[in-house]
Structure formats: C-alpha cells, structure tokens
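Computed from a predicted model, the values in this text were never measured in an experiment.
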Amino acid sequence: MTPASAHSPGPLAARRNYGLLTAAAVVTGLGGNGALIAAAFAVLDAGGDGGDVGLVAASRTLPLVVFLLIGGAVADRLPRHRVMVAANTLNCLSQAAFAALVLTGHPQLWQMMLLTALGGTGQAFFSPAAEGMLMSSVQAEHAGRAFAVFRMAMQGAGLGGAALGGAMVAVLGPGWVLAADAAAFAVAGALRAFLDVAHIPPREAGGGMLADLREGWREFVGRPWLWGIVVQFSIANAVVGAADAVYGPLVARDDLGGAGPWGLALACFGAGTVAGALLMTRWKPRRLLLAGTLCVFPLALPSAALAVPVPVGSLCAVMFLSGALVEVFGVSWMTALHQEIPEDKLSRISAYDWFGSVALVPLATALAGPAEEAFGRKASLWGCSALVVLVTAAVLAVPDVRNLRRRTREVTVRNGSADTESPVGGLG
C-alpha cells in the first residue's frame with residue numbers, strides 16, 4: 001500500500017494549503033466554541049430547562065454519529081475541499097437561521113433541535129474531509145511539527161473562542177454570538193475554496209458507496225494498533241465526557257464554590273493542550289504510539305481529583321497537566337496516521353476515528369445520573385478514573401502500539417520510502 005505521504009504536495013502548495021487550513025480552523029474555532037455556549041443560553045432564554053439544553057446538544061451528536069462513516073467515504077471519493085466547503089455552507093446557513101430565530105422572537109425547541117441537527121450533519125461530512133485534507137497537504141519531513149502547530153492554533157482558538165463567546169453572550173445576547181459563528185463559517189468556507197488539490201490523484205471508479213465503506217472497514221480492522229486505540233478512546237472519551245458534563249458542575253456547586261471555579265479548571269485544561277502542542281513542536285518521540293499512549297494515563301487524574309475533591313488550585317493543576325499530556329498523544333496519533341494510512345483512505349479512517357471518539361459519549365452522559373443514584377458520586381468518579389487506566393493499559397498489550405516507530409531519513413534511504421521526519425521545521 002502507498003503511504004499517505006507518497007502523494008504529498010510540493011513545498012509551495014504544501015505551505016499554501018497548510019496556511020489556509022490553519023487560518024480557517026482558527027476562524028471556526030473562535031466562532032464555534034462561543035456558539036456552544038450561546039446555544040445553551042438561547043434554549044434557557046426561550047424558557048427551556050436543563051433537559052431541553054441536553055436535547056439540543058443530543059440533536060447535534062446523533063446525526064454526527066449516524067453520518068460520519070458516510071461522510072468519510074464521500075470525502076475519499078470527491079475532492080475533499082469541495083466537501084469541506086459544502087459542509088461549511090450548511091453550517092453557515094443553519095447557524096444563521098438559528099441566530100435569526102433567537103434575534104427575532106421566541107424560537108421553539110423543535111426548531112432549535114432541527115437546526116442543531118443540520119449543524120451536526122455538516123460536521124459529520126466536514127471532519128473526515130478536513131482531517132484527510134490536512135494530512136495530504138503536509139509534507140512528510142515536517143509532519144510532526146506541522147500537526148503540533150496546527151493543533152496549537154486550533155486549541156488556542158477554542159480557548160479564546162469560549163472566553164470571547166461567554167463574554168459576548170453576557171453583553172450582546174446569544175443571538176449575536178450565533179450570527180458571528182455563521183459569519184465565521186462563511187469566512188472559513190471561502191478560505192477552504194482556495195485549497196490546491198492538484199497533487200491528489202483522481203479517484204478510480206469503484207463499486208459505489210457500500211464498496212467504499214467495506215474497503216475502509218478492511219483497512220481499519222487490518223491494523224490492530226488503529227482499532228485498538230479507537231476502542232480505547234471510545235471508552236475514555238465517554239467517561240471523561242460524562243465526568244466533565246455531569247459530575248464536574250455538581251462537584252463545583254457543592255464543594256468548590258460554584259460555576260466560576262469549574263470554568264477556570266476547564267480553561268486550565270485548554271491551556272494545557274496548547275502547552276502540550278507547543279512541546280510537540282520540539283519533541284519527536286521515536287516510538288510514536290507508545291509515548292502517546294503513556295501520556296493518556298494522566299487523563300484519569302481529573303475524575304480522581306473531583307472524587308476527593310481536591311482544592312480548586314490543585315484541580316486546576318491536574319487539569320493543566322492532563323491537557324498537556326493528552327495533546328502529546330493527539331500529535332503522535334496524527335503523525336502515525338499520516339505515516340501509515342494510504343492517502344486515498346485517509347478520510348474513511350478518520351471517520352472511524354471520529355466515530356469511535358463520539359459514539360459512546362451520549363450514552364455515558366445519559367447514564368451518569370443513574371450511576372450516581374446507584375453507586376454515589378464519589379464511586380462513579382473513581383469508576384471513570386479506573387476505566388481510563390484500564391483501557392489505556394489494555395491497549396499497551398497490542399504489540400504494534402508499543403513498537404510502531406517514527407520513520408527516519410535513514411529508514412527512508414534504505415527502504416526507498418517517501419516518509420521522512422526532519423528535526424527542523426519548514427512550515428509555511
């Protein structure tokens with residue numbers, strides 16, 4: 001099989017694409033994270049309660065789960081930048097309609113759920129296309145640093161967007177924040193329309209969508225390190241998501257002084273991810289997945305800290321550390337996918353990755369309340385922490401996870417591969 005980097009663009013095209021993708025990700029990161037806050041307050045301002053907020057959030061997640069695998073197959077069949085622009089257009093229109101409803105009257109719950117579902121559908125097609133486009137636009141010799149810088153920009157934009165969005169909701173109201181998010185999608189879509197895809201060979205005619213899905217599945221299950229880590233994170237993301245969404249606010253209310261300290265702790269986690277990405281612009285671990293997986297163990301610490309519970313300062317330190325180290329995994333993971341997955345299957349593999357990341361989150365969040373009633377809050381939080389440790393330890397039993405190595409220039413010369421990893425930068 002041909003690795004992804006065999007079809008890497010030339011230096012000028014790589015820098016141009018990388019710059020456009022990073023700029024667009026920053027724009028949507030600033031708008032999207034504020035919009036999540038605005039959507040919740042729009043529901044509350046319309047007379048809804050916490051359950052209604054959960055229904056609107058679930059309306060986004062459900063189509064994301066349903067359409068992700070189809071989105072991956074479509075992105076590997078059609079020009080990825082066109083899929084991205086079409087998805088951005090759908091997101092722009094749905095958010096603009098949501099904003100108009102909020103600004104002009106009292107939106108109905110079903111209307112907000114429908115528009116949020118359209119946004120989730122757009123995300124299902126966008127995410128695999130975007131990840132495939134990024135990986136096919138990065139030159140192999142700069143892949144590790146390129147992904148680190150991209151993720152640092154994206155995480156920083158998300159952190160800034162949440163802070164800015166919260167302030168704008170307080171001052172201007174949620175409708176204007178939703179309108180700003182619609183504008184951000186329009187700007188990002190315009191940037192992505194200028195991506196250069198000349199380096200990507202035309203897709204050969206295949207047997208249709210089902211054949212593409214089967215081919216992607218064979219690629220996925222044929223790599224134990226790939227499906228093992230996806231299964232690991234399907235469980236880890238689910239329990240961490242439940243702890244953050246359900247138990248964290250409750251512990252903050254009862255023991256830490258309210259929403260402010262919890263918001264500060266979440267901000268520290270975001271700051272940690274930026275720091276971790278910055279670290280990965282310099283550190284290039286030879287055993288990519290071993291180093292990354294070892295850095296997942298601290299993701300169990302926030303749930304344990306909430307179970308105690310520790311003081312706010314200690315919780316913030318734990319959140320920062322876990323954010324920084326899990327970002328080491330994130331960069332290592334993207335570098336491994338770029339190195340090992342054929343270019344024409346990148347989006348389908350990305351779709352399986354995304355599917356595993358989000359599929360169990362709604363179920364875990366829904367079960368968090370019953371688990372607290374059955375076992376108590378402390379026991380439930382310790383259970384979340386233990387599950388992260390168990391699934392991370394289990395995936396280390398997969399030999400390929402321990403042994404997959406970054407390809408070096410020396411290996412490139414000996415094997416005739418196009419994959420290299422330079423210790424210096426060269427990003428545009």
* Asked: Tell me, which pairs form a side-chain hydrogen bond (donor to acceptor under 3.5 Å, both in side chains) where one or both residues lie in residues 177-189, sequence neighbours left out?
  -> Q95-D181

* Asked: Does the side chain of S380 come within less than 4.5 Å of F375's, by heavy atoms?
  -> yes

* Pairs touching residues 318-328 that satisfy salt bridge (Lys or Arg N to Asp or Glu O under 4.0 Å), sequence neighbours left out -> R151-E327

* **Results of ring pair (Phe, Tyr, Trp, His ring centres under 6.0 Å) for F329 - residues two or more places apart only** => F233, W333

* To do: Taking all heavy atoms of A300 and all of V389, pick out the closest pair and write down the distance.
  => CB-CG2, 3.7 Å

* Does R377 have any salt bridge (charged side-chain N to carboxylate O under 4.0 Å, His left out) partners at least two apart in sequence or in another chain, and if so, which? -> D254, E372

Side-chain atoms of residues 391-401: list all donor-acceptor pairs with protein atoms under 3.5 Å, sequence neighbours left out, distances to 0.1 Å.
unit_1	atom_1	unit_2	atom_2	d
T392	OG1	Q232	NE2	3.2
T392	OG1	V388	O	2.7

* Asked: Do R223 and I349 have side chains that get closer than 4.5 Å, going by heavy atoms?
  -> no

Residues 156-169, side-chain donor-acceptor partners within the protein, below 3.5 Å, at least two apart:
none

* Does a side-chain heavy-atom distance below 4.5 Å link L21 with S137? -> yes

* How would you list, by chain and number, every residue that makes a side-chain contact (heavy atoms from CB on, under 4.5 Å) with L191, sequence neighbours excluded? -> L20, A23, A24, V187

* To do: Decide yes or no for W225 and N403: does some side-chain heavy atom of the first lie under 4.5 Å from some side-chain heavy atom of the second?
  => no

* Interatomic distance, R192 atom CZ to M84 atom CE [nearest 0.5 angstrom] -> 4.5 Å

* **CA sep, side-chain torsions, deciding dist, call: V138, F150, side-chain contact (heavy atoms from CB on, under 4.5 Å)** => CA-CA 11 Å; V138 171; F150 179 86; over 6 Å; no

* Set of residues satisfying ring pair (Phe, Tyr, Trp, His ring centres under 6.0 Å) with respect to Y352, sequence neighbours excluded -> W217, F220

* Under the side chain to side chain donor-acceptor pair (under 3.5 Å) rule, collect the residues that match up with N91, sequence neighbours excluded. => none

* side-chain contact (heavy atoms from CB on, under 4.5 Å) assessment of T22 paired with V149 -> CA-CA 9 Å; T22 303; V149 172; 5.7 Å; no

Could you give the side-chain donor-acceptor pairs of residues 304-326 under 3.5 Å, partners two or more places apart or in another chain?
unit_1	atom_1	unit_2	atom_2	d
S322	OG	V318	O	3.1
S322	OG	M319	O	3.0

* To do: For atom CH2 of W354, decide whether the heavy atoms of other residues, nucleotides or ligands shown that lie under 6.0 angstrom number more than 12.
  => no

* State whether the number of non-hydrogen atoms from other residues, nucleotides or ligands found under 6.0 Å of F41 atom CZ is greater than 12. => no

* To do: Kindly give the heavy-atom pair with the smallest separation between A35 and V177, and that separation in Å.
  => N-CG1, 4.1 Å

* Asked: Which residue pairs pass the ring pair (Phe, Tyr, Trp, His ring centres under 6.0 Å) test when at least one of the two sits in residues 269-302, sequence neighbours left out?
  -> none

* To do: Check each of L78, V83, D76 against R80 using the side chain to side chain contact (heavy atoms under 4.5 Å, CB included) test, and report the only one that passes.
  => D76

* Closest approach of V102 and A42, non-hydrogen atoms and distance? -> CG2-CB, 3.9 Å

* To do: Please tell me if the side chains of L360 and N237 come closer than 4.5 Å, counting only heavy atoms from C-beta onward.
  => no

Enumerate, atom names and distances included, each donor-acceptor pair closer than 3.5 Å involving a side-chain atom of residues 112-127, sequence neighbours excluded.
unit_1	atom_1	unit_2	atom_2	d
T116	OG1	M112	O	2.7
T121	OG1	A117	O	2.9
Q123	NE2	S127	OG	2.7
S127	OG	Q123	O	3.1

* **M135 side chain near H338 side chain, heavy-atom distance below 4.5 Å** => yes

* Given L337 and E131, is the side-chain contact (heavy atoms from CB on, under 4.5 Å) satisfied, shown in steps? -> CA-CA 10 Å; L337 291 177; E131 191 158 318; 3.8 Å; yes

* Check whether any side-chain heavy atom of S332 lies under 4.5 Å from a side-chain heavy atom of M280, and answer yes or no. => yes

* For S350 and L346, indicate whether the former's side chain and the latter's backbone hold a donor-acceptor pair under 3.5 Å. => no

